Amino acid sequence: MKRRKFIKKSGLSVGGMLTFAQVKANKDLFGTEKQSIGKPVCIATWNVKDATQAAWTVLKESGSALDAVETGAKVEEADVNNQTVGKGGRPDREGNVTLDASIMDHQGNCGSVVCMQNITHAISVARKVMEDTPHVMLAGKGAEQFAIEQGFEAENLLTPKSAEEYQKWLKTSNYEPVINIENHDTIGILALDAQGNLAGGCTTSGMAYKMAGRVGDSPIIGAGLFVDQKVGAATATGMGEEVVKTVGSFLVVELMRQGHSPDKACQIAVERIVENNPEYQKIQIGYIALDKYGNSGAYCIHPGFNYRRFDTKGHELITPRSHL
Ligand code: ASP
């Protein structure tokens, strides 16, 4: 059979791309009908049950996806035992805790704060940037000043535990992020509310012992987070530099737009990083994605990454496939 004829017959197109007819008929790559599997839904990177539950509670009570992701992220930001986010986060190599966060709604509005100090709820400041300024990003002192003007309390985010670990780290000053060990781990939350609106948020203290002024993927729209109401949403965790280089979350959403399932879209985006980086075995990257129908998926380089999903059937901790 001639190649073109075969393609026509099988209904599949070259290189995993969907035919126009498949996209129009709302079918995935295997010809299966995409269906709404029930709203509302929320998912979050890592096993942050309390945070995901808090987001779910908002959704269950007919709250908005935007309120849900902010509420969920705030739980982790306030938890001093989570040393990768908010208060209690591990500091940079000068001993300063600096936070990155971003938020995006179903209308494509977004806001973020970059390298902000002394304010626990970076996600809420990001939302204020989105809603109350003509800008998308505020950085450093400007972000902190804006937060204080908005009524946020300034506090010392360096807890005794993180300070003690930092003092130990100073003895070697060796910057080598350990895979799946908590010296990184952004909390990213994606939600689809009962009205069918999507939103996403992510918050982090970034890589522990990073250089002063270092910014990761999390506050960069398209890298650490992206939401497109027509398609779905994605967020990332892991070595932010690699996510920035491939505009990872945007890539995942665009792959879903082409008809890939959330799982497959995350896989292709992770493999893009693997292909580009001969040292990929030394890093972890995890993506999670949620499409507008409520289907979710994820993929990572190393096993050990998981995500929590809440929907009308209950909740589960999902271990995605991994490259290694
Ligand atoms: N992506 C974050 C950053 O690079 C850290 C992480 O999620 O592990 O800042």
Side-chain angles (χ1 to χ4, degrees), residues 43-48 51 69 72-73 76-77 79 82-86 88-93 96-104 112-117 122-123 126 137 139-140 143 157 162 165 175-190 200-226 234-252 266 269-270 272-273 277 279-280 282-289 298-308 320 322:
I43 61 173
T45 53
W46 306 103
N47 186 13
V48 287
V69 298
E76 293 303 314
E77 289 176 337
D79 181 0
N82 184 339
Q83 290 177 278
T84 64
V85 173
R90 291 192 180 85
D92 65 15
R93 59 185 73 174
N96 296 313
V97 181
T98 67
L99 305 182
D100 292 340
S102 65
I103 197 160
M104 193 160 183
S112 75
V113 289
V114 173
C115 214
M116 182 180 70
Q117 294 186 39
I123 193 76
M137 293 175 105
L157 304 184
S162 290
E165 287 180 12
Y175 181 69
E176 214 170 293
V178 187
I179 289 158
N180 295 334
I181 307 284
E182 282 208 298
N183 63 352
H184 59 89
D185 295 350
T186 300
I187 301 306
I189 307 187
L190 307 174
C202 66
T203 183
T204 188
S205 49
M207 308 303 286
Y209 319 131
K210 60 197 175 184
M211 288 174 70
R214 180 266 187 187
V215 173
D217 57 313
S218 307
I220 299 175
I221 299 300
L225 175 73
F226 197 67
T235 188
T237 180
M239 183 67 81
E241 281 73 6
E242 297 305 308
V243 176
V244 170
K245 285 188 228 166
T246 51
V247 202
S249 295
F250 180 73
L251 177 60
V252 172
C266 292
V270 165
R272 183 76 58 90
I273 290 170
N277 189 332
E279 305 237 292
Y280 74 87
K282 292 191 185 153
I283 57 170
Q284 173 67 305
I285 302 286
Y287 287 113
I288 62 169
Y299 198 80
C300 49
I301 297 181
H302 291 268
F305 170 62
N306 46 30
Y307 76 98
R308 174 76 57 181
S322 57

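Only a predicted model underlies this, so the values are computations on that prediction, with no experimental measurement involved. Quick note: numbers below take in every heavy atom, side chains included, and nothing from hydrogens, waters or symmetry partners. Whatever order the structure lists them in is the order used to number ligands and atoms, beginning at 1.
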(request) Output the list of atoms in ligand 1 that are nearer than 4.0 Å to some heavy atom of T237, sorted by atom number. (result) 6 (C), 7 (O), 8 (O)
(message) For G89, is there any backbone N or O sitting under 3.5 Å from a side-chain donor or acceptor partner on S205?
(response) no
(request) Report yes or no: does R214 have a heavy atom closer than 4.0 Å to ligand 1? (result) yes
(request) Go through ligand 1 atom by atom and flag the ones less than 4.0 Å from a non-hydrogen atom of D217. (result) 1 (N), 2 (C), 3 (C), 4 (O)
(message) Tell me whether T186 contacts the main-chain N or O of T203 through its side chain, where contact means a donor paired with an acceptor under 3.5 Å.
(response) no
(request) Give the atoms of ligand 1, by number and element, whose distance to some non-hydrogen atom of T186 is under 4.0 Å. (result) 1 (N), 2 (C), 5 (C), 6 (C), 7 (O), 8 (O)
(message) For atom 1 (N) of ligand 1, tell me which residue out of G238, G286, G216 has the closest non-hydrogen atom.
(response) G238
(message) Show the atoms of ligand 1 that are less than 4.0 angstrom away from any heavy atom in G206.
(response) 9 (O)
(request) Give a yes or no answer on whether the side chain of D92 reaches the backbone of Y209 with a donor-acceptor pair at less than 3.5 Å. (result) no
(message) Quick one: does any side-chain atom of H302 pair with a main-chain N or O of I283 as donor and acceptor, under 3.5 Å?
(response) yes
(message) Quick check on contacts: which atoms of ligand 1 are under 4.0 angstrom from a heavy atom of D185?
(response) 6 (C), 7 (O), 8 (O)
(message) More than 12 heavy atoms of other residues, nucleotides or ligands under 6.0 Å from CZ of R93: yes or no?
(response) yes
(request) Report yes if the distance between the aromatic ring centroids of Y307 and W46 is under 6.0 Å, otherwise no. (result) no
